[in-house]
Every structure is written in C-alpha cells, then in structure tokens.
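All remarks here apply to the structure that follows.
Keep in mind it's a predicted model, so treat the numbers as computed, not measured. Proteins come first, then strands; the chains are lettered A, B, ... in the order of their sequence lines, and each starts at number 1.
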Amino acid sequence: MLLSMRAEVETGLSEALERLGYPTDDLGIERPPDDVDAVLASSVAFRLAEVAGEAPPVVAAELADAFDTSDREYVRTVRTQGPYLNFLPAERYAEATLAAATEDGYGHLDPRDQSVVVEHTSANPTGPVHVGRARNPIIGDPIANLLDYAGYDVERHYYVNDAGRQIAMFTWAYERFDESDLPDPERDRPDYDLVRYYRKGSTFLEEGPEDAVAEAEAEIQAILQGLEEGEAESYDRVSTVVETVLGGMQQTLARLPASFDEFVRETRFMRDGSTEDVVARLRDTEHAVYEEEAWQLDLPDIDKNLVFLRSDDTSLYTTRDLAHHEWKFENFDRAVTVLGEDHELQARQLRSALDLLGHDTDQLETVHLSWVNLPEGGMSTREGTGIDLDDLLDEAIRRARAEVEDRLDGRMRDDELTEADIDRIARQVGIGAVRYDIVARQPTKTITFEWERALDFEAQSAPYIQYVHARASGILDEAEQLPDPTAVETATLDSEAERDLIREIARFPAVVEAAAEGLEPPAVATYAREFAETFNSFYRECPVLDAPGETRRARLALVAAAQTTVANALDILGIAAPESM
RNA sequence: GGGCACGUAGCUCAGACCGGACCAGAGCGUCGGACUUCUAAUCCGACGGUCGUGGGUUCAAAUCCCACCGUGCCCGCCA
C-alpha cells in the first residue's frame, strides 16, 4: 500500500512544484523517522531554498499549500515540520492495507513478463557441503525468492563443474584406490563415502612416490583429453563420481531447504560444440592475442590476460562458462549469479569477454560473497578442514529441541505439544536460526563462524520472528471466526501500537521492491525483525480476543494481516513460519 | 607491488548505493524491573560510541571525493 501512496505523493508533489515553477527532477521523498506521525516525507524544500530565495521552512509551507489533496485516495493531509513536508494517510490507507495483506500473496508485485535465471551454490561435486559453502544457497535462495515476489519468472540453476581437473583427479582416485585403504566415512551417505577417495588422491599427489605421481598425472591428463575430444567412455567415468557425490550434496541442501530447477553440467557445453564455437569467435576478435603458444584475450580495463585456449588446445573453465552464459542469454532476459569473492576477477573477465562477443552485459548481475571462516582459519573440502553443514544443522536442531523441552514446564498456553510438534519446532527453529544468522548480514562482510553465536536463539534471530507468527496464529486459531477484512472499522484501530503495525504491514511490498532491485536479502531480514518488534508492542498493549465488539473484529483483521506479512517475509528468507512453538 | 572489498558501543551487526528531522540505532553482555490477563523464545528501563585516521566538497557528511592505516580476497595454460 505504501507503493500506491508513494505514487500519489509523487504525482501530487510534481504537480505542486510545477504550479509554482520549481524543478521536478528531485522530489526528495523519504521515510520519516518513527516518531513522526506520517507515512512519507519530502526534503525538497532544502534544495529549493536557493532557487526560491527563501528559507527552507517557508518553501515547505508554500508547497504544502500548493499540494492538492482533494482527489487523493490515500493522502489525507500534508503537514510541514520545519523544512520537511510530511504526508499523512487517509483512513482508506489502513482499510486498503488490511484488505491487501489478508490475501495469501501479499508482497508479490505485479508480474513483469521477464525471465531471470539465478545461478547459485554451484559447489564443485567433490564432497559434503561445508559451512563455508552454505552461505551461497542461504543467500542465493532468498535472492531467487525475492525476484519471484518482484514478479519475475525465476529459474534456479546449479552449475555443475564436471569437466575440471579436480574432477578428473577425483575420478582417477576413485578408480585407483580400494575401500580398504580408507578411513570410515563420517556418515552413511554417498558424498561422505566418496570424498575419502578425493582426499586420498589429493594427499597421494602431494606426498606419493615421484614415478607413481607422474603416472597418475598422465591418467588424469588422459581423462581430461577424453572429455575434450568427446569420448563417451570418459564422460561415463567422470559422471559416475559426479552424479553420486552431487546426489549426496543435494540431500544436505534440501535440508535448508534449497532446491533447483536445473543442474546444468559443464560438459554439456563441450559436447554440443558451443565451447569450440566460442573459441573460434574469440579468436576473430581484435583483442585476441597468441602468446606463449596459447590464445589469450587482452581485455580492456583488465590488466590480466584471459587465456581461453591452452597450448594443448583444450578449453578452460572460463571458456566453457562463456558458452554457458551465451546459453543463458538465449533463454532468459536476465541472469543473476551468486559467487564467492574469490571469483571476482574471473567474473569481470567473463563480463568483458561477453561484451566483446556482442552481448548486452547489463542483463548479467553478480553478487559476491565473502568467506565464512573458522576462528582458526579457512575451510577446505580437499584438506578436510571446516564444519560440515549437516553437522551444523544437526547441532542446531539438537539445541533447539533442548530449548523446546526446557520451556515445556513453564508454558502458559494450554495446548498439548505432541512429540511430532516438538520435532517440527526443533527443526523449524534450529534451521531457521542458522539461516537467519547468515542471510541477515551483508554478503560482503567476512563471517567468522562461532557455534555460540550461530545458535543463539534469543538474539536478533529467526526464533524471535517465528515467535510472532506463532503468536498471531494462536490468536487466529482461537478466534474461530474471522471477520471480512474489507468490512471492519479501521478507525477503531487508533492507538499508537495499532497504527504502527498497520504502517509496518503497508510497507512490506515496498521493502520487497527495493530488496529485489538491489538483490539484497538482508533488507528483508532487517524488515522482518523490525516488524516483529512492532508486532510485539501491539501484542502487549492490545488484547484481541477479549476486546469488545468492533474493536475485536478490527484487531482480528489486523492480526490476520500481520500473520500473512510475517509469513511471507519469512518465506522470502526461506525460513519456516511455525503455527505454534 | 596492483585490483576489489571491509573497518560504526566490550562483542555481533543495521544505517552508506540514492547526503537531510542521525549531536548515530538494534541485539548480546552487565545492572534493575514486568507472567491470576490472547504463548515471558516476550516486554520496559539504565549503563555504553572521537561512525579506523587526516583532509576536502556542501546550507547539511556515518553516508560523496582524496590520502593514509588495518584486515580479507584475487592477481594460474586451476576451478
């Protein structure tokens, strides 16, 4: 609803400015501070002061007079407070907000008829997903959700690196070593099973006898060549390892949950000839140079040359990724990629090379994530350092369960939680807490992973927000009959707590719009927390079920609207909204 | 050495892209209060900050520009 109100303010203010002969290019519309009784404000008067030859407050008063509120649906009055213009909402604003927010899809913007592919996670299928990698789906999934809410047709892709050296080495190791040479797997799962070969192979190459290592290198090289030449046998050997490990990784990711519409395999772009085709076209560009027996691109504004064809005529990761992105451009209007910060240079080279090939690279956006480190250092699948995401989730659920059981005695609500409820709550709260801890922070900031903080259920955390949903659900549950939200007297909702809550509900679609625009899930996380605070004040001050007549009806409608809003905000973040906890 | 990012209360962060009611807001921690009232995973209060440092632009700077300091990442015919 805030979006509609803003549109009215924009046209109204433009008209007023025009009438007075002022420029209309900068309306200075902003959100007023919480203690101001307005929904929107403008600071134009500051900038107009010089043109007008008057002090800002004088200009503001002049504008307030010129603003025509007679035909406005949502703007009731314009008031000045010093140099600021404050726009106060009409009762219709509250009515429309309640009506809109009780619809299940509240927060979804109008469809745009534009497709976007969100690629995220894309971790190499070398072993179990660790906590460092988990930042990618935990931010990538909400980015996809956000674009979906913003009206795009979204597809979620996981790009599977099945053609690289790592995978060739893994394949060799898997075939070369025997199970009896390996330690027991940490879990009875295919990715935990196979990663042992990967680690064993990696250690062997570093520490093994010289001639055996040379022999292994030759075998790895042969696998890579086989892939390059399109030999079916090489593809089969590699895919045994890749598909098995990937299957295991998907089980972990599904717990978050993060799911994908398509797993796009890198080898696809070797087999269909598109990588070769890219190479041919790159060679014809004026930036192509042949140096040290390899084809390279001397890209504008990038110091480092990009090698796109090795001296042995094989392609590189980035070459194949170029073919991959040309395919994305053919099939989607926009492409968003969520990558680790170590790919920053590679992403710039990719963009620049795509530009060279004649693509509109404005369609391509990249979100870079900084590392999640342990207090003692980084995480690595190959070295086996780091914490498996499964372990983190298990521990989170275990602690959440202990918490639920602790609270059982002091529980005021007289419902009986079944064993199944306790399981459900532990899972929702435990996993929610892990996700919120990561999604709420700016991706550019390095995270040092600490158990205590990641699993703090009382901080600014998921359970705090989930609790609001449970409280709202509890009230609605007991109310039995819900009022028609379009037929309640919103005027009875006149306390500060009620007005604040309406205001927060109304702002949700605008939050979605801005967060989608900037690809910023943390903005939704912050909103959800602020929303929860506002709801909790309302909850404390305004009894719903025991309120008299029309007040009860109106408050019930308000609680229903709040429940939908918080449920959908959590939905964007990929965090469960518990009915009870 | 070069490129990119980050630096805000003791700790973890929001605010920065788009300067304005911010002489800066949360949470944790510490201290003190509130459960006969729709779930206390809640709420209320107190203590706590030269917004890394220095300069500049502006009527106005946490926010924009420059320099410096500190930290992370990258600078492979790896991915």
Side-chain angles (χ1 to χ4, degrees), chain A residues 26 28 30 32-36 41-43 45-47 49-50 55-56 81-84 86 124 126 161 163-167 266 291-296 302-304 307-312 314 316-318 320-321 340-346 348 368 370-371 373 378 400 403-404 406-407 410-415 425 429 433 437 440-442 444-448 450 452-453 456-468 470-479 518 520 522-523 525-526 529-530 532-533 536-537 539-547 555 559 580-581:
Chain A
D26 180 3
E30 53 194 65
D34 290 340
D35 56 355
V36 173
S42 169
S43 59
F46 280 111
R47 267 140 288 160
E50 201 174 339
Q81 189 167 332
Y84 291 94
N86 288 325
N124 290 351
T126 50
N161 223 280
R165 213 195 112 78
Q166 280 180 25
I167 296 300
E266 193 181 4
E291 276 173 19
E292 298 174 37
E293 299 180 349
W295 280 97
Q296 320 194 359
I302 299 178
D303 289 339
K304 188 72 203 162
V307 175
F308 63 91
L309 194 65
R310 291 193 184 101
S311 49
D312 64 1
T314 58
L316 291 93
Y317 172 83
T318 306
R320 289 169 237 132
D321 206 22
E341 63 174 335
D342 51 334
H343 286 61
E344 201 274 336
L345 176 63
Q346 184 262 329
R348 267 173 52 224
H368 290 283
S370 291
W371 292 136
N373 290 323
E403 202 76 27
V404 180
D406 264 8
R407 289 165 202 269
R411 195 177 164 85
M412 292 184 63
R413 195 172 168 78
D414 58 356
D415 57 352
I425 295 166
V429 166
D437 185 57
R441 299 196 232 187
Q442 291 295 336
T444 45
K445 302 204 180 190
T446 308
I447 295 178
T448 301
E450 285 163 61
E452 291 314 315
R453 205 171 51 243
D456 183 353
F457 299 142
E458 304 217 341
Q460 300 177 327
S461 68
Y464 178 78
I465 300 158
Q466 291 173 311
Y467 192 55
V468 163
R471 280 180 148 180
S473 302
I475 293 173
L476 297 175
D477 228 30
E478 275 177 47
E520 294 165 331
T526 302
R529 200 203 74 230
E530 288 170 354
E533 280 167 18
N536 281 327
S537 305
Y539 186 90
R540 188 186 67 253
E541 284 167 32
C542 304
V544 178
L545 296 171
D546 295 337
R555 284 181 181 170
V559 171
S580 66
M581 57 187 277

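- No contact: A:Val559 has no heavy atom under 4.0 Å from any strand.
- A:Ile425 CD1 to A:Glu403 CD: the interatomic distance, rounded to the nearest 0.5 Å, is 12.0 Å.
- A donor-acceptor contact under 3.5 Å is formed by the side chain of A:Gln460 with the base of B:A26.
- Looking at heavy-atom distances under 4.0 Å, A:Ile425 makes contact with a base.
- Using a 30° and 60° split on the angle between ring planes, A:His343 and A:Tyr317 fall in the perpendicular class, above 60°.
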Sub-3.5 Å pairs of nitrogen or oxygen atoms, protein against nucleotides 61-63 of chain B:
none

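- Contact annotation for A:His343: base contact, defined as any heavy-atom pair under 4.0 Å involving a base atom.
- Base engagement by A:Arg407 is indicated by at least one non-hydrogen atom pair under 4.0 Å involving a base atom.
- A:Thr314 comes within 4.0 angstrom of no nucleic acid atom, judged by non-hydrogen atoms across all strands.
- Counting only heavy atoms from C-beta on, A:Asp342 has its side chain closest to B:C74 among B:C38, B:C4, B:C74.
- Considering only side-chain N and O atoms, A:Gln442 lies under 4.0 angstrom from the phosphate OP1 or OP2 of B:G15.
- Spacing between B:C68 and B:A26 at atom C1', rounded to whole Å, works out to 32 Å.
- For B:C43, the OP1/OP2 oxygens have a side-chain nitrogen or oxygen of A:Tyr464 closer than 4.0 Å.
- When each of B:A21, B:A41, B:U12 is scored by its nearest atom to the side-chain atoms of A:Ala41, the top-ranked nucleotide is B:A21.
- Base contact: A:Arg47 has a heavy atom under 4.0 Å from a base atom.
- Between A:Glu344 atom CD and B:C6 atom C1' there is a gap of 14 Å when expressed in whole angstrom units.
- Residue contacts shown for A:Ala525 are absent, as no nucleic acid heavy atom lies under 4.0 Å away.
- Across all strands, A:Ser43 comes closer than 4.0 Å to base atoms (heavy-atom distances).
- When heavy atoms are screened at a 4.0 angstrom cut-off, A:Trp295 is found touching no nucleic acid atom at all.
- Residue contacts for A:Pro56: at a heavy-atom cut-off of 4.0 Å it reaches no nucleic acid atom on any strand shown.
- No engagement by A:Asp406 is indicated, since no non-hydrogen atom pair under 4.0 Å with the nucleic acid exists.
- The residue among A:Ile447 and A:Asp303 whose nearest nucleotide of RNA chain B is located toward the 5' end is A:Asp303.
- Looking at heavy-atom distances under 4.0 Å, A:Val544 makes contact with a base.
- Nearest-nucleotide mapping onto RNA chain B: of A:Pro463 and A:Arg320, the residue sitting toward the 5' end is A:Pro463.
- With B:A40, B:A41, B:G3 as the candidates, the nucleotide lying closest to the side chain of A:Tyr539 is B:A40.
- For the OP1/OP2 pair of B:C43 and a distance below 4.0 Å, the side-chain nitrogens and oxygens of A:Asn536 include at least one atom meeting the criterion.
- A distance of about 15 Å separates the C1' atoms of B:U53 and B:U71, rounded to the whole Å.
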Under 3.5 Å between N/O atoms: give me all the protein pairs with nucleotides 35-37 of chain B, atom names plus distance.
none

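- The CG atom of A:Leu345 sits 17 Å away from the P atom of B:G2 (whole-angstrom rounding).
- Contacts of A:Ser311 with the nucleic acid, taken as non-hydrogen atoms under 4.0 Å apart, include base atoms.
- Between atom CD of residue A:Gln296 and atom NZ of residue A:Lys304 there is a gap of 8.0 Å, rounded to the nearest 0.5 Å.
- Paired regions of RNA chain B, where each region holds three or more successive Watson-Crick or G-U pairs whose two hydrogen-bonding distances fall under 3.5 Å, are B:1-7 with B:69-75, B:10-13 with B:25-28, B:30-34 with B:42-46, B:52-56 with B:64-68.
- In this structure, CD1 on A:Ile465 lies 9.5 Å from CD on A:Glu533, to the nearest 0.5 angstrom.
- One interatomic measurement links the two molecules: NZ of A:Lys304 to C1' of B:G76, which rounds to 7 Å at whole-angstrom precision.
- With its glycosidic angle more than 90° from 0, B:C13 is assigned anti.
- For A:Arg540, no side-chain nitrogen or oxygen approaches OP1 or OP2 of B:U42 to under 4.0 Å.
- Among the atoms of the strands shown, base atoms are found under 4.0 Å from some heavy atom of A:Val429.
- Between A:Arg453 and B:C13 there is no side-chain N or O to OP1 or OP2 distance below 4.0 Å.
- Taking 4.0 angstrom as the limit, A:Lys445 places none of its side-chain polar atoms (N or O) nearer than this to OP1 or OP2 of B:U71.
- Summarising the geometry, atom CZ belonging to A:Arg441 is positioned 4.5 Å from atom CD1 belonging to A:Ile447; distances are rounded to the nearest 0.5 Å.
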